[in-house]
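Note that the numbering runs from 1 along the sequence shown for the chain. We count ligands from 1, going down the list as the structure has it; atoms in each ligand are counted the same way. What's counted below: heavy atoms across the whole structure, side chains too, no hydrogens, waters or symmetry copies. Please read these numbers as outputs of a predicted model, since none were measured by experiment.
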Amino acid sequence: MANNELIEKAYAIAKEQYAAIGVDTDAVLAKMNEVVISLHCWQTDDVGGFETADAELSGGGIQATGNYPGKAKSIADVRADLEKVMSLLPGKQRLNLHAIYGDFQGERVDRDQIEVKHYQSWIDWCKKQGIGMDFNASCFAHPKADGGFTLSSKDEEIRKFWVEHVARCRAISAEVGKQLGTPCVHNTWIPDGSKDTPIDRNGYRTILKKSLDEAMAVKYPKEYMKDAVESKVFGIGLESMTVGSNEFYMGYAMQNNILLCLDNGHFHPTEVVGDKISSVLQYIDGILLHVTRPIRWDSDHVVTLNEDVQLIASEIVRNNFLNRVNIGLDFFDASINRIGAYVVGTRAAQKAFMIAMLEPTKTLIELEEAGKNFERLAMLEELKTKPFAAVWDYYCLQAGVPVGIDYIAEIQQYEKDVLSKR
Ligand code: RNT
Ligand code: ZN
């Protein structure tokens, strides 16, 4: 078990070291409260949802791999798991729910039939937890998505079905935000695309634009809900074209001033999302992030503290963009303890933000503007080995959550007591 006195001592020393370079660690601890991460419900059960008893992720080129025991089998399981996760995380979180996780009470409710009542118990749960809630249309894992096209389908019946689904999800989101008193971000991602070289790229994109216009025809107050659209470069089985490409949605978001969702697994491997933030925020009010870890492709590995995530966090903090950025996570690893996946991944994202805040940005900009590029490089290198961990540990201690590796034992215990019995 971590030794509190040691943690406090280490923090005091770290505080002095950071003060020497002009960084106020107490202010950083306070500012960390502004980093609110939306916990994606779908890591609990490998994106299955509860439309049917044995629902499984299929279609759309997203894949959860692995069959580690203990996956959530009911809404009660998901809630218990998320409560456990939140008890192991410092700071505040939100819930990010997919439509397929509705509380359908054994009834078969198709996606074009969902209503607020199917999500009321989730809203109530969030209220009880004192957290906000975000929402997502589920345009995959459905017979009407099997043809490879949903909102961009040339089959009018299929297209209308998905337009209705998204429209309903937006209405539900508005009600969520109204009841919880914090805007609900509604994200639209569709898998639509083509395995082999298509001819009518333009035709599908024209249809998608029309469908989005129809699904978003009803406008809701921004205090209740905000729309986001998420692009992708390719999906498994959809390698040659994605209808909702980056250019497509960037244009759509800018034209309609809605949020652009940037998922850092959805770009070519050498592109970095951190570099995109200050570009798109010149033109739109805000963005949604899907923080993830792509390994060779959009593999949705658990987030770790890597350079990719660090640049995202640094760009947000350096430019005071926290109030314009909604932070969501998007990973689903079925090969390890799923609670552990959440805690490691969320803590990694939080750490990236804290490291970003522990930077003497003003000094670095001064060096940059003076053309002192060796000095800038040296400072950046030195910052990497400053006693960040002492500040992080103290943050966890203050928040009353396990410090350092102590959460591992707690998760092992939960696995023994709860997960292994499922
Ligand atoms: C898929 C997108 C999308 C999904 C979730 C489940 O490639 O990233 O965000 O992962 O909506
Ligand atoms: Zn995503």
Side-chain angles (χ1 to χ4, degrees), residues 37-51 55-65 71-72 78 94-102 111 133-142 145 148 150-151 162 165-166 169-170 173 184-193 227-239 241-246 248-249 253 259-269 271 273 276 287-303 308-309 312 325-334 338 341-342 345 349:
I37 295 186
S38 198
L39 291 176
H40 55 312
C41 67
W42 52 94
Q43 164 69 62
T44 57
D45 75 329
D46 320 333
V47 211
F50 300 111
E51 285 180 316
E56 270 200 14
L57 174 63
S58 70
I62 45 176
Q63 247 162 322
T65 50
K71 121 179 184 181
V78 174
R94 298 169 63 89
L95 166 69
N96 193 10
L97 198 74
H98 241 291
I100 47 175
Y101 290 78
R111 310 239 179 123
M133 174 174 158
D134 301 310
F135 200 57
N136 305 262
S138 308
C139 304
F140 52 84
H142 188 282
T150 63
L151 288 178
W162 292 109
H165 175 60
V166 175
C169 286
R170 295 181 63 251
S173 300
C184 172
V185 175
H186 176 264
N187 184 45
T188 302
W189 171 75
I190 57 165
D192 301 27
D227 281 296
V229 283
E230 179 181 8
S231 73
K232 187 160 176 169
V233 69
F234 87 101
I236 298 280
L238 305 161
E239 291 86 354
M241 184 220 23
T242 294
V243 184
S245 60
N246 178 43
F248 179 90
Y249 281 126
L259 306 177
L260 181 67
C261 173
L262 296 172
D263 179 315
N264 62 305
H266 289 190
F267 294 89
H268 290 287
E271 283 187 84
V273 160
K276 299 179 188 298
I287 56 171
L288 166 65
L289 290 175
H290 272 189
V291 184
T292 185
R293 179 164 54 109
I295 305 268
R296 304 186 191 280
W297 68 290
D298 180 37
S299 60
D300 294 289
H301 279 65
V302 178
V303 170
D308 200 18
V309 176
I312 291 172
V325 177
N326 303 276
I327 311 161
L329 303 170
D330 189 7
F331 52 80
F332 30 98
D333 188 339
R338 293 170 184 78
Y342 273 116

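- Side-chain contact check for D330 and W42: at least one donor-acceptor pair (N or O, by modelled atom type) lies under 3.5 Å.
- Between F50 and Y101, the angle of the ring planes goes over 60°, which puts this pair in the perpendicular group of the 30/60° scheme.
- Between F234 and W297, the two ring planes are tilted [angle within 30° to 60°].
- Sorted by chain then number, the residues whose non-hydrogen atoms approach ligand 1 to under 4.0 Å are W42, I62, H98, W189, E230, K232, D263, H266, H290, D298, D330, F332.
- Contact check on D298 versus K232 returns a salt bridge, with a Lys/Arg side-chain nitrogen under 4.0 Å from an Asp/Glu carboxylate oxygen.
- Note: Y249 and H266 fail the aromatic proximity criterion, with ring centroids not under 6.0 Å apart.
- Side-chain contact of N136 with H186: a donor-acceptor pair under 3.5 Å is absent, judged by distance alone.
- Salt-bridge check for R338 with D46: passed, with a basic side-chain N closer than 4.0 Å to an acidic carboxylate O.
- Within the model, atoms CD of Q63 and CD1 of I236 stand 6.0 Å from one another, a figure rounded to the nearest 0.5 Å.
- Looking at H40, its side chain never comes within 3.5 Å of a backbone N or O of G328 through a donor-acceptor pair.
- If you look at the Zn ion (ligand 2), the protein N, O or S atoms less than 2.8 Å from it are E230 OE2, D263 OD2, H290 ND1, D330 OD2.
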